[in-house]
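Data block below; observations after.
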Amino acid sequence: MLRALHKFPGLIAALLIAVMALSGAVLGVFPALEAVQAPAQSEPDLNVATLADRIAIAYPGVEQIRRAPSGRITAFYFDGGRPGAVVIDPATGVGVADYEPSAFRRWMTNLHRSLFLDDAGRLSAAAGAGALLVLSITGLMLTFRRVGGWRRFFSRLRGPLTGRLHVEVARMTVAGLLLSSATALFMTASTFDLLPQGRVPAFPTETSQQTGATPGTMSLLRETRVETLRALTFPYPNDPTDVFTLKTTAGEGYIDQGTGGMLVWTDAGLWHRVNETIYMLHTGQGMAWLGVILGLMALGAPFMAVTGVVLWVQARHARPQIKGNVAAGQADTILLVGSEGGSTWGFAATLHAALTQIGHKVHAAPMSQFAPDRYGRSGRVIILAATYGEGAAPASAKGFLDRLAALPKAPHMPLAVLGFGDRKFPEFCAFALDVTRMAADKGWAQMFPVAMIDRESPQEFARWGRDLGAALGQPLELSHRPAIPRGHTLSLISRRDYGGKMQTPAAILRFAIPKPRLRARLAGRGVGRFSPGDLLGVIPEGSHAPRFYSLASGRGDGFIEICVSRHLGGLCSGQLLDMAVGDNVTGFIRHNPDFRPAKNRKPVILIGAGTGIGPLAGFARGNHAGRAMHLYFGARHPDGDLFYEDELQIWQGDGRLASVTTAFSRTGTRTYVQDALRSDAAQIAGLIGNGAQVLVCGGRDMAAGVADALADILTSGGLTPALLKAEGRYVEDTY
């Protein structure tokens, strides 16, 4: 529900919000320009009587004096029957420049207030402000949910770049957007007289019928400081029934033009002050700095409108169209999907097609549409559930657990749950496990125990499919082909071979960055930016499933570099290691923003083994600022398995690496990288105690050994690897 409230107003009103925000940003600059250009008032105690006398001497036909919230004073007058207006220097009462209202400002104001459509336009603008207010509030709530609460509002974000930019800009601008949208709605309501307007003094019915009093003789004007003036209107010439009209921040009243005495005065009431405050907060008039800040924040709205639409389109494209989807009431199998980015829907489409092929009638729907009372003919419910963030429900599963908890009894048909996640994160398949636990608490019968798929593995999905087929009593083969991003042709420009002594072939492979044609670059089809720790997806010949290798280089290095070792029966590693300089392979970049040094000056402990040194070497190569990086590297044998041996010496010499510690498992000492950590326990504990971040890359067994060693090392300090992971200070990239 919350996501729907955030999504639909944004999609419907995206263009309107962008127009209102951009015009508001432009208008936010004018109060600051006006304040800068206004003549300074050198007399702090200057009163309205003195100012009016000065202006009346310089412009005998003065009709009105206005003071803008910015401090600019303007006099409107008639000279020989011709109207004029000047900006006044309050020290002399003489004009310093002709007052010429900006046609561009007037045009922009009309666009912002009413889209040039009068009342209909004002209502449209109010609708845009209402949509922006809803988007701001729901966006705040979604962000709190994503990061884990109010206290972590500004914590580091994970996920694709577009989504992170959308939230980052929102976090910086939401306060201004909330203020602007709420005040805009208030001002619209006031325009249509839906709110009290405050008291207005009645025009006096009795005057002295005399003329001739000058402003300097009027006690009320002498008691009124110029800083509080809004407007002083002079009586119409030769009309003894007319009066002086004074408007200030304190109220409004009338003065007799013959005696100079006050005839009527009304203090500014509560609603008058509220209206003025709201106007000031929305426009920045009287608070020029606020106008500039609100204008800058308003620029976030069109940016978020664009990124929001992009995210929506990406989600739509990521979710495949499932053919032959049967209505829920006619299906014998209900397939419910919980997906965040859309990839789980691809698995659902594969399962839907396979079940349909063997004769089942399948209804696929988001988990958020869970409605067991509609499943009258169903014999089973199958749930495919990804996990979002720190164990939360993904986008298409919102509200599922609440609906399940609210059921008076469990559904009659049995349940099968399949979770999708990444084992390198502590909350691996946490949402699928939550679903399973709640279903068990409800007494919902399960077809077989919950299963979990790591990193969208087609092989694991196929094995689960065979288990599902066995439960159904029918053979079921699931051949899933994940959607593969557009690839680029990569040409090998150099290779360094390792592992000959231990007969474990490995190599550092360096590829040229492809240079797309201008048209491809303009269409965004180039390789783009990448950093060490990102992933190179390689599609081997004879396969549709890419294999991923951690990058040892960034875009600024001018090449794409990976470390590869031959795996027994490994299709991709074998093809890569058989390449000669000049050969080509197809690959693409997948960003991995979670695995890289944090943006601070704290020390970094790099721990890796074998080809896991690749991204760690990339971090060291790019450490030109000399941040303290300590490398612990495990290999089989120093003769032939020590990747980047020459570079490690150079980087340690020029300060890019503070220390290098190696461990070799096929020598007489027979030590592993976790043994090296235990040997340096005091140094490790001191570094982590001082805020160091730990980055681990390599095989899962090595990573498990490292975690055990660090747990022992940190015990005395009251820290654990789990606690460091929660703080973003312990990050693994394992395989």
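Heavy atoms only: backbone and side chains are in, while hydrogens, waters and symmetry mates are out.
Residues V226 and P90 fail the side-chain proximity criterion, which asks for heavy atoms closer than 4.5 Å. Taking the side chain as every heavy atom from C-beta outward, V48 and P215 never approach each other to under 4.5 Å. Between F104 and V26, the closest side-chain pair of non-hydrogen atoms falls below 4.5 Å. In this structure, the side chains of I88 and V94 stay at 4.5 Å or more apart for every pair of heavy atoms. Between I73 and L51, some side-chain heavy-atom pair lies under the 4.5 Å cut-off. The closest side-chain heavy-atom distance from F30 to S70 is not below 4.5 Å. Here the side chains of M187 and H282 are in contact, with some heavy-atom distance below 4.5 Å. The side-chain heavy atoms of T283 and P31, taken from C-beta on, include no pair separated by under 4.5 Å.
F76 carries R66 over the face of its six-membered ring, with the cationic atom under 6.0 Å from the centre and within 45° of the normal.
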Walk me through it: do L178 and L133 pass the test side-chain contact (heavy atoms from CB on, under 4.5 Å)? CA-CA 6 Å; L178 278 170; L133 182 62; 3.8 Å; yes
Where do L123 and F192 land on the side-chain contact (heavy atoms from CB on, under 4.5 Å) test, with the steps shown first? CA-CA 10 Å; L123 292 174; F192 285 98; 3.9 Å; yes
Determine, stepwise, if the pair R67 / R72 fulfils side-chain contact (heavy atoms from CB on, under 4.5 Å). CA-CA 6 Å; R67 184 182 184 275; R72 185 192 65 196; over 6 Å; no
For the pair F595 and F619, evaluate ring pair (Phe, Tyr, Trp, His ring centres under 6.0 Å) and give the outcome as yes or no after the intermediate values. CA-CA 10 Å; F595 189 72; F619 299 148; 5.8 Å; yes
Could you go through Y254 and F203, starting from their C-alpha distance and side-chain angles, then the distance that decides it, and tell me whether this counts as ring pair (Phe, Tyr, Trp, His ring centres under 6.0 Å)? CA-CA 8 Å; Y254 302 105; F203 193 85; 5.3 Å; yes
Trace of the side-chain contact (heavy atoms from CB on, under 4.5 Å) decision for E34 with Q285: CA-CA 9 Å; E34 194 174 280; Q285 292 284 354; 3.9 Å; yes
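In summary, the side chains of D53 and T50 do not present any donor paired with an acceptor at a separation below 3.5 Å, with no hydrogens or angles considered. D256 and T207 are not linked by any side-chain donor-acceptor pair at a separation below 3.5 angstrom, with hydrogens and angles left out of the test. Side-chain N/O atoms of E252 and T266 include no donor and acceptor closer than 3.5 Å.
Across all non-hydrogen atoms, the minimal contact from S181 to A129 is CB-O, 3.4 Å. Residues Q209 and T241 approach most closely at OE1-CG2, 3.6 Å, considering heavy atoms. Between T183 and L281, the shortest heavy-atom contact is CG2-CB, 4.2 Å. Heavy-atom minimum distance, L111 versus S23: CD2-CB, 4.2 Å. A pairwise comparison of heavy atoms in D118 and S114 identifies O-CB, 3.5 Å as the closest pair. Here the closest non-hydrogen pair linking L185 and A126 is CD2-O, 3.3 Å.
Using a cut-off of 4.0 Å between Lys/Arg side-chain N and Asp/Glu carboxylate O, E276 and R273 are scored as not salt-bridged. The pair R82-D79 does not count as a salt bridge, with every side-chain nitrogen at least 4.0 angstrom from each carboxylate oxygen. Electrostatic pairing of R54 and E43 counts as a salt bridge here, judged by a charged N lying under 4.0 Å from a carboxylate O.
Distance alone, capped at 3.5 Å, is enough to place a donor-acceptor pair between the S124 side chain and the A120 backbone. Distance alone, capped at 3.5 Å, is enough to place a donor-acceptor pair between the D534 side chain and the N592 backbone. When atom types are taken as modelled, the side chain of D557 and the backbone of G554 share a donor-acceptor pair closer than 3.5 angstrom. Formation of a donor-acceptor pair under 3.5 Å by the N47 side chain with backbone atoms of E223 is not found in this model. The main-chain N or O of T217 is found under 3.5 Å from a side-chain atom of R222 such that the two form a donor-acceptor pair. The main-chain N or O of G95 is found under 3.5 Å from a side-chain atom of Y59 such that the two form a donor-acceptor pair. Side-chain N or O atoms of N623 include one that pairs as donor or acceptor with a backbone N or O of R627 at under 3.5 Å. Checking side-chain atoms of E63 against main-chain N and O of T233 turns up no donor-acceptor pair under 3.5 Å. With hydrogens and angles disregarded, no donor-acceptor distance shorter than 3.5 Å links the side chain of Q257 to the backbone of T214.
To the nearest 0.5 Å, the span separating CG on L22 from CD1 on I17 amounts to 11.5 Å. Between L246 atom CG and R230 atom CZ the span is 11.5 Å, to the nearest 0.5 Å. Summarising the geometry, atom CZ belonging to R596 is positioned 10.0 Å from atom CG belonging to L551; distances are rounded to the nearest 0.5 Å. Rounded to the nearest 0.5 angstrom, M262 CE and L221 CG are separated by 11.0 Å. To the nearest 0.5 Å, atoms CZ (F244) and CG (L263) are separated by 11.5 Å. Between the CG atom of L296 and the OG1 atom of T173 there is a distance of 11.0 Å, given to the nearest 0.5 Å.
Residues satisfying the side chain to side chain donor-acceptor pair (under 3.5 Å) test with N238, not counting sequence neighbours, are none.
Within a 6.0 Å radius of CD in E206, no more than 12 heavy atoms belonging to other residues, nucleotides or ligands are found.
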